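Quick notes on the structure that follows.
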Protein chains: 2
Amino acid sequence: MAKVKKPRRPQAETPKGFRDYFGHEVTARNGMLRAISKVYELYGFDPLETSGVETVEALGKFLPDVDRPNEGVFAWEEDGDWLALRYDLTAPLARVAAQYRNDLPSPYRRYAMGPVWRNEKPGPGRFRQFYQCDADTVGAPSVAADAEICAMLCDTLEAVGIERGDYIVRINNRKVLNGVMEVVGLAGDDKEAERGIVLRAIDKLDRLGVEGVRALLGAGREDESGDFTKGAGLNESQTETVLGFVNAGGTTHAQTMHTLYTLVADSATGTEGVKELETIAELLAAQGYDPDRAVIDPSVVRGLGYYTGPVYEAELTFEVKDEKGRVRKFGSVAGGGRYDDLVKRFTGQAVPATGVSIGVDRLLAALSAKGRIAAQGAGPVIVTVMDRDRMSDYQAMVGELRAAGIRAEVYLGNPKNFGNQLKYADKRHAPIAIIQGGDEAESGVVQIKDLILGAKIAESASLEEWKSQPAQREVARGDLVAEVRAMLNSQAE
Amino acid sequence: MAKVKKPRRPQAETPKGFRDYFGHEVTARNGMLRAISKVYELYGFDPLETSGVETVEALGKFLPDVDRPNEGVFAWEEDGDWLALRYDLTAPLARVAAQYRNDLPSPYRRYAMGPVWRNEKPGPGRFRQFYQCDADTVGAPSVAADAEICAMLCDTLEAVGIERGDYIVRINNRKVLNGVMEVVGLAGDDKEAERGIVLRAIDKLDRLGVEGVRALLGAGREDESGDFTKGAGLNESQTETVLGFVNAGGTTHAQTMHTLYTLVADSATGTEGVKELETIAELLAAQGYDPDRAVIDPSVVRGLGYYTGPVYEAELTFEVKDEKGRVRKFGSVAGGGRYDDLVKRFTGQAVPATGVSIGVDRLLAALSAKGRIAAQGAGPVIVTVMDRDRMSDYQAMVGELRAAGIRAEVYLGNPKNFGNQLKYADKRHAPIAIIQGGDEAESGVVQIKDLILGAKIAESASLEEWKSQPAQREVARGDLVAEVRAMLNSQAE
């Protein structure tokens, strides 16, 4: 008889570019999402949860962001239909707004939070599944809707624990840029390539500085390696106009507006855009959102190619060290803007929409950096098993603790080796272990062991301290819950 | 020049078998998941969140449940790797338990909640994405772990709003069934087909009754349509033994144990299984989980083919009307058991594990049926726009309301038609509308309109009531927040 070949064992591996979240990582994110949704609800937004799967047709196969035109989605064929995992929460919103347009209230104000998937090359800190948390108003033509989202963004950041002064919401407007393009003669359909070069040049301001951008707006730029990037071919006056736009952020709001109005005076679109910015700034100021929190800033260009009107971005301004130890500002954690064309794909009718997306993982990282998220959640009180025949007694103890709202469990591994039980308690970050052997049961007592204090003593304390504050105490069985609670309180001090 | 064909507009449609969840549907589910996770945490379980995507290799391509061997998963090839959407939360747990086995505490106690995907034919109420909510203990050989999960299941159901008396957790053991198979001579490798027929026959007890099952255990059964189902071919004595097992649930726990011990006296496995059930019952009774909440019931066969030891199922016992108007018990909302082989796929080593999965949507439906979930969440207070130049004033009103914790928004659609604003308020289930025209602004007052009372009056009230309790009142602008709060309180009464 032929020998049957034993099948190879499957690999236990997270797929490439995906990751697992354990314990406190999950709790911290859920807590943050809850805090965000509370603000969104307060502002009148209603939750919407679509499924992770959409038809490729409804989704559009590629990301709409021009900065990344070729990045894909996870897609597959199913009985002749092409399905795909959503790559953001905006595309499903556009589908919903079109599909239910006769039933939804108008404006439709919804928030959504959940995972999205990108078929991108994974990198350090870049995953193929991550969370987004969006709020959008569909069907509101007024820039009051944009102003409101900016105000809400400020409130949201403060609600999750970013202090005032540690963030700034910057606001710009695509229409002003369009006006600048008109003024410098790049408005025509035949100038798309040049407009693209200008947009990409502006986007590099942070990295290349004004002179680098100036070169890219003109003839071109050679980098350190000797590589040459072709420029937009603007003359000096055109270049100054574009740079004037980017650098229009003045010391006062009035000054910024004046500079912008002057720059685009010859463009109706541009003037309309500046007017919108002015209205937004007035609405925000009237509600107490001053330029130290929300400011008009023409140097914001992220998404300018994607959005059709106001754009906004939340930046965290405190400093952190990057992976190479260099001090830098934390940077952007949320962005959004007005996009009036998304629903049109389905219905042929333009529907004005504006909204924001918070990068959940970035914001979590920021809160960690600010010490707003505990590194570790509280583990359960562990009731150890000295005598496996008295499991009922131990279960009764955890039953009492849980009834008092105290997180607790009996050790459920093989109880033979007591050292393993304490090692387990340690791995679970248990604050307290309960021990009751046969003698103690007969005398009606239990030992409660303060594992936090025990660890401190083991680390550093002198013999005197150990004696004056023993990490293990014998208490009456009837006092178990009260004594555990007292010990937990003293640990929290 | 050839005319460019205009591309067809994409369809705005949820993919077949998927659905969207709006507003209160999302809030209600999140609230329930939060209540469940609170109990799981109290019991010492830690959250784990894996991604929706796994390798097909890690997942296994098909559902492990023998009752549904051919149902598929959503899978696709990606750069030579096959990826798939997870079909449950147990397979990813097995992968995690194997992948991190040197780092995780042992036992590893985790809970997980999130969507899973099944590539099944959609049907009424059957969707291709749905939520599960699991808790498992990996690495605990003792049935104390099973008993604990059953206790936790009782606590969880009560925590979400199912009253004691409206549910029962039924517990059985695969080993007892294996013992029965041994006793009737169906234990051998060559009897797998017969064992399958016996399992499926038992599973039909509810539908076919004892006589139907008896026929299927014997020669076979002809149904009403004349179709013949081949039986397991057991003789009368074998059949009686199997039926004796299924019907062993006695009026007392002691009686059930006695019947089971007698039935499987000749099988070591069976005797061990009965002993395990006895231990579980004792542990539960010691903690006050009496047979009116958690009971040993050998008629539970769901999952018996999949699990390797104790199995348990939570059934809701109150009656509801089905889609045809017939009164029936609500039925199962959660199930689980012990599966000692899942991690073995990866490591070659058997790891004892036991856990439960709650059917989130079923449980939500049950809570709705019991009136535990409001049909509708509270809408925001709507500040209407009478004069679009005074947007700042209206924004200031919602700002004050929000600062007082009251959900509120300004109408952000086109304000021209005031009727549309009130229609919007109605669609949003707004409790109150605020109105302030130019005259009112000058006099320093606002109108607050009680939309709940207004709707009631419109429906039924007499003219006298209308006069004595007007649905709209003029209040001083400075009293806005206080008056709105008072009106909300009176609505809540």
Side-chain angles (χ1 to χ4, degrees), chain A residues 9-13 15 18 20-23 26-27 41-44 46-55 57-58 76 83 95-96 98-99 105-107 115 129 137 139-142 144-145 282-283 286-287 345-346 348 380 391-392 395-396 399 402 407-409 412-414 424 427-428, chain B residues 9-13 15 18 20-23 26-27 41-44 46-55 57-58 76 83 95-96 98-99 105-107 115 129 137 139-142 144-145 282-283 286-287 345-346 348 380 391-392 395-396 399 402 407-409 412-414 424 427-428:
Chain A
R9 278 189 205 131
Q11 288 291 312
E13 274 177 7
F18 293 88
D20 303 304
Y21 295 83
F22 289 92
V26 180
T27 311
E41 293 256 354
L42 200 58
Y43 270 78
D46 266 353
L48 167 69
E49 192 170 325
T50 60
S51 72
V53 177
E54 297 277 345
T55 64
E57 182 181 349
W76 65 93
L83 300 178
R95 194 259 303 154
V96 164
Q99 184 173 347
S106 176
Q129 173 176 327
T137 300
S142 155
E282 282 166 9
L283 284 168
Q287 287 184 267
R345 278 185 64 226
F346 296 105
M391 205 46 138
S392 290
Q395 292 284 10
R402 289 169 185 160
R407 202 174 177 216
E409 60 174 69
L412 287 173
N414 186 335
Y424 174 79
K427 269 209 170 171
R428 291 299 307 279
Chain B
R9 279 191 205 128
Q11 288 291 312
E13 275 178 6
F18 293 88
D20 303 304
Y21 294 83
F22 290 90
V26 180
T27 311
E41 293 255 354
L42 200 58
Y43 270 79
D46 266 354
L48 166 69
E49 190 169 324
T50 59
S51 72
V53 177
E54 296 278 344
T55 65
E57 180 180 351
W76 65 93
L83 301 177
R95 193 260 303 153
V96 164
Q99 184 173 348
S106 177
Q129 173 177 328
T137 299
S142 154
E282 281 165 8
L283 283 168
Q287 287 184 268
R345 278 186 65 226
F346 297 104
M391 205 46 136
S392 290
Q395 293 282 10
R402 288 168 185 161
R407 203 176 177 215
E409 61 174 67
L412 288 173
N414 187 335
Y424 174 79
K427 268 208 170 171
R428 291 298 309 278

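In this text the structure is predicted, and so the values were computed from the model without any measurement. Within every chain, numbering begins at 1; the chains are lettered A, B, ... in the order of the sequence lines, protein sequences first and strands thereafter.
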Rounded to the nearest 0.5 Å, the OG1 atom of T27(B) sits from the CD atom of E41(A) at a distance of 5.0 Å

Enter the distance from R407(A):CZ to Y43(B):OH here, rounded to the nearest 0.5 Å. 13.5 Å

By a 4.5 Å heavy-atom criterion (distance strictly below it), what part of [X] contacts chain B: side chain, backbone, both, or neither?
X: S106(A); result: backbone
X: Q129(A); result: side chain
X: A12(A); result: both

Give the minimum heavy-atom separation between R9(B) and E57(A), together with the two atoms involved. O-OE2, 4.0 Å

Taking every non-hydrogen pair under 4.5 Å, which of [options] racks up the most with chain B?
options: P107(A), A58(A), A140(A); answer: P107(A)
options: L42(A), V26(A), D46(A); answer: L42(A)
options: P380(A), G52(A), P105(A), A286(A); answer: P105(A)
options: G348(A), S142(A), P141(A); answer: G348(A)
options: V53(A), T50(A), L83(A), V96(A); answer: V53(A)
options: E409(A), E49(A), K427(A); answer: E49(A)

If you count heavy-atom pairs under 4.5 Å with chain A, which of A98(B), G139(B), S392(B) comes out on top? S392(B)

Max heavy-atom pairs within cutoff under 4.5 Å with chain A, candidates E54(B), R428(B), E282(B), goes to R428(B)

Under 4.5 Å from a heavy atom of chain A, the part of [X] involved:
X: Q287(B); answer: side chain
X: S51(B); answer: both
X: Q395(B); answer: both

List the residues meeting ring-ring contact (aromatic ring centres under 6.0 Å, His included) with F22(B), not counting sequence neighbours, and say none if there are none. Y100(A)

Run the side chain to side chain contact (heavy atoms under 4.5 Å, CB included) test against A396(A) and tell me which residues pass, sequence neighbours left out. R477(A)

Would you say T55(A) and E13(B) make side-chain contact, with heavy atoms under 4.5 Å? no

